[in-house]
Amino acid sequence: MSIQEKLIKWYEVNKRDLPFRDIKDPYKIWVSEIMLQQTTVTAVIPYYKRFIERFPDIETLANATIEEVYKYWEGLGYYRRALHLHKSANLMKDTFPKEYKDILALIGVGPYTASAIMSFAYHKPYIAVDGNALRVLSRLYAIEENIALNKTVKTITDIGNQLVIGYDSAKINQGIMDFANAVCLPVHPHCNECPLQKECTAYLTNKQDVLPINIKKVNKKSLSYITGIVVYDDEVMLIKNKNGLLENMYLLPQYEVESPYSFIEAFKEDYGIDLEVLSHLKDFKHVFTHRTWYMHVYVFKADIRSIDFYTKNKQEELTIPTAHKKILKHYEG
DNA sequence: TATCCGTGGTC
DNA sequence: TGACCAAGGAT
């Protein structure tokens, strides 16, 4: 039996039952693939269901406001994915593209996602090279190159595209994903129950624990903020973040300063309004991929009725990322 | 090419 | 607990 046949056989028996699996609508497949970028299946499922229920087709998504689309993304992370979906839906009119190059041209869609859609929706012979495929194939063929490099991804893509010829690529791709999730794990893979033992060069040379080689340097910066719960009556001030990290999200005002008194000065400079410290709430820490925020949260009182970006208690409408949502929950709870 | 972009789970 | 990872892509 070939590697492909063994993989498909394993898949037929062990495949996961997922809401975005074995569906034909390229729109829904697209939405699921965007959500699944760097995001676990467990996290995606409820978001996917809610999103599709509210935006069942291209036209409904295109006609929605970006603020509402963001709201359905709240807590999922990488918020620009929602922006890209909305933009693409507006460009698409009502038909989803069918060619690889046209799908790849969509903002937010790269080689992985374009290949996955071609495979899952149209059963075309494209390998979908994600983290799973990189791991499985680099072990299978003992590729001792850094998978964080584009060159290595290209090498593995070429191998995968050969593997898919003559088979249903959807079964190969999804088979690899479920197999990578259940057997060919990132750490301590279950080689003793692997159907590809005899074909796996890594296993045969005892390199399954060192492959894939994944070297990426991440320098993580720490930032220390005074974060303000600025209240007037029972309303809390939120500001739309204009750029960078958490762009377009609504945040509590915060400054990279040492004391609440410096916060008051900075706030006065920005908005021309005097604050009064009421209390120290709590210190929070939030870890991002490239950054860690230490937030010393104080409650301030002010008359902020005069400023037009004061957003009142509209938390049901505004998209507030987890980093600050958990502060608000603590404050309100 | 290197860096940025979120969050939650795991050990 | 910090480091790593999860169906990556844009700049």
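The structure displayed is predicted, hence computed values, not measured ones. Heavy atoms only: backbone and side chains are in, while hydrogens, waters and symmetry mates are out. Letters A, B, ... are given to chains in the order of the sequence lines, protein chains preceding strands, and every chain is numbered from 1.
- Atom OH in Tyr47(A) sits roughly 13 Å away from atom P in dG6(B) (whole-Å rounding).
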- prompt: Under the side-chain contact (heavy atoms from CB on, under 4.5 Å) criterion, do Leu252(A) and Val236(A) qualify, and how do the steps go?
  reply: CA-CA 8 Å; Leu252(A) 298 164; Val236(A) 176; 3.8 Å; yes
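- The distance from atom CZ of Arg291(A) to atom P of dA2(B) is 19 Å, rounded to the nearest whole Å.
- Mapping Ala323(A) and Leu149(A) onto DNA chain B via the closest heavy atom, the residue that lands nearer the 5' end is Leu149(A).
- Side-chain N/O atoms of Arg81(A) include none lying less than 4.0 angstrom from OP1 or OP2 on dG6(B).
- Here, dT1(C) and dG6(B) have their P atoms 25 Å apart, quoted to the whole Å.
- Look at Lys28(A) and Asp57(A) and you find no salt bridge, because none of the NZ, NE, NH1 or NH2 atoms lies under 4.0 Å from a carboxylate O.
- For the pair Leu223(A) CG and dC4(B) C1', the computed distance is 14 Å after rounding to whole Å.
- Between Met35(A) atom CE and dT7(B) atom C1' there is a gap of 14 Å when expressed in whole angstrom units.
- Between the side chains of Arg81(A) and Gln37(A), no donor-acceptor pair is found at a separation under 3.5 Å.
- More than 12 heavy atoms of other residues, nucleotides or ligands sit less than 6.0 Å from atom CD of Gln197(A).
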Contact letters for nucleotides 5-11 of chain C, in which S counts primed atoms plus P, OP1 and OP2 and B counts the base, heavy atoms under 4.0 Å: SBBBBS-
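- As rounded to whole Å, 9 Å separates atom P of dT7(B) from atom CH2 of Trp293(A).
- Tyr78(A) does not carry Arg80(A) over the face of its six-membered ring by the limits of under 6.0 Å from the centre and within 45° of the normal.
- Remark: side-chain polar atoms of Thr152(A) are not paired, donor with acceptor, to backbone N or O of Ala148(A) under 3.5 angstrom.
- Using atom P as the reference point in both dG8(B) and dG9(C), the two lie 22 Å apart (nearest Å).
- Summarising the geometry, the separation between NZ on Lys221(A) and C1' on dG6(B) is reported as 17 Å, rounded to the nearest angstrom.
- Two residues are said to be in side-chain contact when any heavy atoms from C-beta on lie closer than 4.5 Å; Tyr255(A) and Glu265(A) fail this criterion.
- Distance Lys325(A) NZ to dG6(B) C1': 15 Å, rounded to the nearest Å.
- Leu76(A) comes within 4.0 angstrom of a nucleotide base, judged by non-hydrogen atoms across all strands.
- Counting non-hydrogen atoms under 4.0 angstrom, Lys326(A) reaches nothing in the nucleic acid.
- Put simply, His290(A) has a side-chain N or O that comes within less than 4.0 Å of OP1 or OP2 on dC4(B).
- Atom NZ of Lys220(A) and atom P of dG6(B) are 14 Å apart (whole Å).
- The side chain of Lys285(A) contributes an N or O atom lying less than 4.0 Å from OP1 or OP2 of dG2(C).
- The residue among Asn150(A) and Thr322(A) whose nearest nucleotide of DNA chain B lies closer to the 5′ end is Asn150(A).
- Separation of the P atoms belonging to dA7(C) and dT10(B) is 14 Å when rounded to the nearest angstrom.
- Each of Trp30(A), Tyr122(A), Tyr27(A) was checked for a ring pair (Phe, Tyr, Trp, His ring centres under 6.0 Å) with Phe96(A), and the lone residue meeting it is Trp30(A).
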